[in-house]
2 protein chains.
Amino acid sequence: MTHFGPTIRDIRERLRRDDRSYSVRQVARRVGIEPAYLSKIERSEVAPPSEATTVRLAQELGEDPDVMLALAGKVSADLQAIIRKRPRLFADLIRQLKEVPDEAVLRVVREVRDGKW
Amino acid sequence: MTHFGPTIRDIRERLRRDDRSYSVRQVARRVGIEPAYLSKIERSEVAPPSEATTVRLAQELGEDPDVMLALAGKVSADLQAIIRKRPRLFADLIRQLKEVPDEAVLRVVREVRDGKW
DNA sequence: AAAAATGTGTCCTATATATGACACATGACT
DNA sequence: AGTCATGTGTCATATATAGGACACATTTTT
């Protein structure tokens, strides 16, 4: 969608300015994939990787996994599982919140967290 | 997951008692798939169909698409798109609501719908 | 009894997903 | 100058996804 690869490359190169170990090869090794594959991901020569790989990559780069998954065009499997347990409830809720501004949704989140139910 | 196929079969056979046109063949034709394929779906010989096919099948059988998609182990692409636009916000919200009882979530839905924000 | 409809077995295919392996040219460091 | 590390091109593969086509035996309807 919104160029997953180039974003990864930007983040990695930014980290690299302070830490030599953020080369394609070393990051790939720590994440557990082939350097050539990471290179292709960063240049969007291939589609974004699987959820598991995306999450490990996010962690390695100090980014939010849910945000990176979103960039990759995915939604975390654990969120999907929560929705699937009560599909009508969550489908309604999410569609209703589609146009609701962040602050209002945040108020809802806080209300729920503070046990107002 | 929770036997998508057999559920479809149950629903179709129930409808069939009142209406002869709910045979595998005729439903398949109306849904736009091959009868042999629907037969295999119902007996779980193959995985549940794509989102588009699942939704058409749900409509044909008068069931809620989101519920059928959930049974098929999927979450509607439009819901995923909403989540992906504000991943942190929705990820937090959904995880917070994981253990919250239906009634409490429904109250939230209503509050939002009634424009309390 | 003949015709029509039904469910399903078997075989086949096309595209997408998710990587690995290896080699090679270039650049950085010792 | 030589070693080492780097990024990437090329080729290959394994599994999953999403079905279609056709034939055949069995019911069901006329």
Side-chain angles (χ1 to χ4, degrees), chain A residues 1 3-58 60-61 65 68-77 80, chain B residues 1 4-58 60-61 65 68-69 71-77 80:
Chain A
M1 297 262 134
H3 47 255
F4 175 82
T7 302
I8 293 290
R9 169 144 300 190
D10 279 359
I11 295 167
R12 187 182 55 72
E13 283 180 343
R14 188 157 37 70
L15 288 169
R16 206 187 181 189
R17 290 200 240 307
D18 297 330
D19 185 337
R20 246 31 257 209
S21 83
Y22 283 90
S23 66
V24 166
R25 281 180 120 94
Q26 300 203 48
V27 169
R29 195 177 43 73
R30 292 197 294 271
V31 168
I33 58 179
E34 288 294 309
Y37 184 40
L38 177 54
S39 172
K40 282 176 238 171
I41 289 168
E42 289 191 349
R43 290 169 296 125
S44 304
E45 206 193 285
V46 297
S50 68
E51 173 170 344
T53 298
T54 300
V55 169
R56 291 199 311 276
L57 194 49
E60 175 63 31
L61 300 180
M68 287 300 116
L69 283 172
L71 264 169
K74 310 188 190 213
V75 169
S76 167
Q80 296 198 36
Chain B
M1 293 261 133
F4 175 82
T7 301
I8 294 290
R9 170 143 300 188
D10 279 359
I11 294 166
R12 187 182 53 73
E13 284 180 343
R14 186 156 40 70
L15 288 169
R16 206 186 180 189
R17 291 198 197 73
D18 297 330
D19 185 337
R20 246 34 268 224
S21 84
Y22 283 90
S23 67
V24 167
R25 281 180 121 95
Q26 301 202 46
V27 168
R29 195 177 42 73
R30 291 196 295 269
V31 167
I33 58 179
E34 288 293 309
Y37 184 41
L38 177 54
S39 172
K40 284 177 235 172
I41 289 168
E42 289 192 349
R43 288 169 296 125
S44 304
E45 206 193 284
V46 297
S50 68
E51 173 170 342
T53 298
T54 300
V55 169
R56 289 199 312 276
L57 193 49
E60 175 62 33
L61 300 179
M68 286 300 115
L69 283 172
L71 264 168
K74 312 190 187 209
V75 169
S76 168
Q80 296 197 38

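First the proteins, then the strands, lettered A, B, ... as listed; each starts at 1. Just so we're clear, the structure is a prediction, and the values are computed from it rather than from any experiment.
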Interatomic distance where CD belongs to A:Glu34 and P belongs to C:dA23 [whole Å]: 13 Å
Length of the line joining A:Arg9:CZ and D:dT6:P, which is rounded to integer Å: 14 Å
A:Ile33 vs A:Arg56 side-chain heavy atoms within contact, under 4.5 Å: yes
A:Arg30 CZ to D:dA5 C1', straight-line distance once rounded to whole Å: 14 Å
Closest to the B:Thr53 side chain, choosing from D:dT6, D:dG19, C:dT19: D:dG19
Touch class at under 4.0 angstrom, heavy-atom based, for A:Arg16 against every strand present: sugar-phosphate
A:Arg30 NZ/CZ over A:Tyr22 ring centroid, <6.0 Å and within 45° of normal: yes
Separation of D:dG7 C1' from A:Glu13 CD (nearest whole Å): 11 Å
Heavy-atom check, side chain of B:Val75 versus side chain of B:Leu69, under 4.5 Å: no
Touch class at under 4.0 angstrom, heavy-atom based, for A:Val46 against every strand present: base
Residue-phosphate contact under 4.0 Å: B:Arg29 side-chain N/O, C:dA5 OP1/OP2: no
N or O in side chain of A:Arg43 less than 4.0 angstrom from D:dG9 OP1/OP2: yes
Which nucleotide in C:dA18, D:dA21, D:dG19 has an atom nearest any side-chain atom of A:Ser50: C:dA18
Side chain of A:Arg12 - closest among D:dG7, C:dG7, C:dT10: D:dG7
Sugar-phosphate, base or nothing in reach of B:Ser23, heavy atoms under 4.0 Å: sugar-phosphate
B:Arg20 side-chain N/O to C:dA5 phosphate OP1/OP2 under 4.0 Å: no
Nearest listed nucleotide, side chain of A:Glu45, among D:dT10, C:dT19, C:dT8: D:dT10
Side chain B:Arg9, main chain B:Gly5, donor-acceptor under 3.5 Å: no
Any A:Ser39 side-chain N or O less than 4.0 Å from OP1/OP2 of D:dG7: no
5' priority, DNA chain D, between B:Lys74 and B:Ala36 [closest heavy atom]: B:Lys74
base_contact_polar (C:dG20 base, A:Lys40 side chain, donor-acceptor, <3.5 Å): yes
From OG1 (A:Thr54) to CD1 (A:Ile8), nearest 0.5 Å: 7.5 Å
Whole angstrom value for the distance that separates C1' of D:dA21 from CG of B:Leu38: 16 Å
Nearest-0.5 Å distance, CG of residue B:Asp19 to CD of residue B:Gln26: 8.5 Å
Atom pair distance, as rounded to whole Å: OH in B:Tyr22 and P in C:dG7: 14 Å
Short side-chain N/O contact from B:Gln26 to OP1 or OP2 of C:dA5, under 4.0 Å: no
Rounded interatomic separation in angstrom, taking CD from A:Glu42 and C1' from D:dG9: 16 Å
Separation of D:dC4 C1' from A:Arg25 CZ (nearest whole Å): 10 Å
Sugar-phosphate only, base, or nothing, as touched by A:Ile33 at under 4.0 Å among non-hydrogen atoms: sugar-phosphate
